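Protein chains get the first letters and strands the later ones, always in sequence-line order, with residue 1 at the start of each. Remember, it's a predicted structure, so these values are computed and weren't measured experimentally.
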There are 2 protein chains.
Amino acid sequence: MKIDPNSSADLSVQIAQAIKDSIIAGELDVGERLPSEAELADHFQVSRPTVREALKRLAAQSLIRSQRGASGGAFVNRLSFEDAYSQQITTSTLLLSMNAVSFDTACEARYALERACAPLSAERRSPDHLATMRAEIFRQGQPGLTDEAFCASDVAFHRALVDGAGNPVLSYQLAGAVEAMQPLMNMITFTARDRERIVELHGQIADAIEQRNSQAADLALSELTAYTLELGTKAMAARASRHQNRSNVENSK
Amino acid sequence: MKIDPNSSADLSVQIAQAIKDSIIAGELDVGERLPSEAELADHFQVSRPTVREALKRLAAQSLIRSQRGASGGAFVNRLSFEDAYSQQITTSTLLLSMNAVSFDTACEARYALERACAPLSAERRSPDHLATMRAEIFRQGQPGLTDEAFCASDVAFHRALVDGAGNPVLSYQLAGAVEAMQPLMNMITFTARDRERIVELHGQIADAIEQRNSQAADLALSELTAYTLELGTKAMAARASRHQNRSNVENSK
DNA sequence: GACTTTTAAATGTCAGACAAATGATTTCTG
DNA sequence: CAGAAATCATTTGTCTGACATTTAAAAGTC
């Protein structure tokens, strides 16, 4: 575990990388305690604040956690699925919002991933997952629901579908895609008819999953994909025309 | 953008969160410059090292980048797909290695995601993607290839398949799953016969993608899934029996 | 033996300083 | 006046040293 003081890279970056490499290589096991900041500073021949900046970088990625006190120190963290979820959601959200990913692209990705889960979910879903799906469908049918609440329920429904596959890796991968799409989905205004159609398709999906009929589930999901894309296209067109009007007004001043 | 000095949370964590929230809320746009460290320290009523630790946390997530010099400072980063890739690969790798995800689970997730891409790839793949796939298949048939090189080529092949779908969100999601599985795949020792079979299936996949036949691609992928699972099961069993033998030896001392 | 107090070790925070990089400004030169 | 060179100011990167806070373990007390 060494660093090059003559490198152009910042020392704290190099130190963080060195420790990270040790963790990935398995030289530092989960739960193991790193040397104290003072010892690390001594080892790398840098000051304690520099070591601290390196440790903070690692802490930001949930790679280590710090404890104060007598037997405190920095410990190698067991990266939990939950930590990974939340990191992925943050990353995906920023990625979508900063890179102007089109609604179509995000939507396509989301449903492609969900359709990958559906056959597994049809095979393995527990009564719990089915109950969650049915409950969310019921909620979605309630009048007076805001668009945001409708979207949130939609996410919960699809989350149950994905979790039904019983594969934590898939759940983890999809959490990012689905949750990150919510801001985009929130741009859509759902009419009563839209909701009716969506609830109907959700019902078909739940039925198919209940009957362990993966083909029917895939069919319903593909219809839902097409319908969501249609709604998205309309919403984007409406936004565009509003912008167009506004510029026209501004130009005519 | 405020913090609570009486909170139990560390100040640098609170400051990092406050800035992160501002970025996500869009109060700070991409490319915008944050106040200097001294100004931030003044604003939050903390010392500069504390502000710096907060900024390092954000830099670790590629949310900001720092520049030295007269018109330097911290700038809100446009999170690139590449940054997101590499973060996801690190996270996925650690998740798999630290949580004892079974080979079966990881394998299932990987191929489920790939099968989600295959229809899109069949529709949209460019000659470039096909050429990459063919080249990797050729490489995989070369004698004397190490298991690691074979695995790496396998990853490149599947990467081309995924990229063929022309959906950067899907590519990003899958990069993590596929690359993170490489350490697990490296546990497998491929016999000449194994490789022959895999190359054959890869050929079938490439053919199907070339002919835009998504059904055939799905079929070949499902066979490849089953075959990989079989190989994995064998490899794990072999490992387990080696461990068993070792314990027996140790117990009989 | 159970409870309280002390202590030592570690991280968290602060203050001030200097080094290094870098763009802007000024000065010098032709 | 134009362009090149030198200088300057600003900002991050790093260092030194110190104190505050937390925490577990050791020591002391009843």
>> So, OP1 or OP2 of C:dG23: does either fall under 4.0 Å of a side-chain N or O from B:S71?
In response: no

> Under a criterion of less than 4.0 angstrom to any heavy atom of chain A, what are the 5'-terminal and 3'-terminal contacting nucleotides of DNA chain D?
Replying inline: D:dG13 to D:dA24

When the side chains of residues 176-187 of chain A are checked against the rest of the protein, which donor-acceptor pairs come out under 3.5 Å, sequence neighbours left out?
{"unit_1": "A:N186", "atom_1": "ND2", "unit_2": "A:Q182", "atom_2": "O", "d": "3.4"}

> Picking from B:L113, B:L96, B:L95, what satisfies side-chain contact (heavy atoms from CB on, under 4.5 Å) with A:V169?
Replying inline: B:L96

>> Between the side chains of A:D154 and A:R110, is the shortest nitrogen-to-carboxylate-oxygen separation below 4.0 Å, so that they form an ion pair?
In response: yes

> Roughly how far apart are A:S121 OG and A:H129 NE2, rounded to 0.5 Å?
Replying inline: 7.0 Å

> How many Å lie between CD on A:E37 and C1' on C:dT13, as a whole number?
Replying inline: 11 Å

>> For the NZ atom of B:K56 and the OG atom of B:S12, what is their distance to the nearest 0.5 Å?
In response: 12.5 Å

> Taking CZ from B:R48 and P from C:dA19, how many angstroms apart are they, rounded to a whole number?
Replying inline: 15 Å

> Residues from residues 56-70 of chain A sitting under 4.0 Å of DNA chain D, heavy atoms only?
Replying inline: A:R68, A:G69, A:A70

>> With a sphere of 6.0 Å drawn around CD of A:E32, does it hold more than 12 non-hydrogen atoms of other residues, nucleotides or ligands?
In response: yes

> Rounded to whole angstrom units, what separation is found between the CD atom of A:E39 and the C1' atom of C:dA10?
Replying inline: 10 Å

>> Measure CZ/B:R52 against P/C:dA15 and give the value in whole Å, please.
In response: 16 Å

>> Output the rounded distance in Å from CG (B:D42) to C1' (C:dC14).
In response: 14 Å

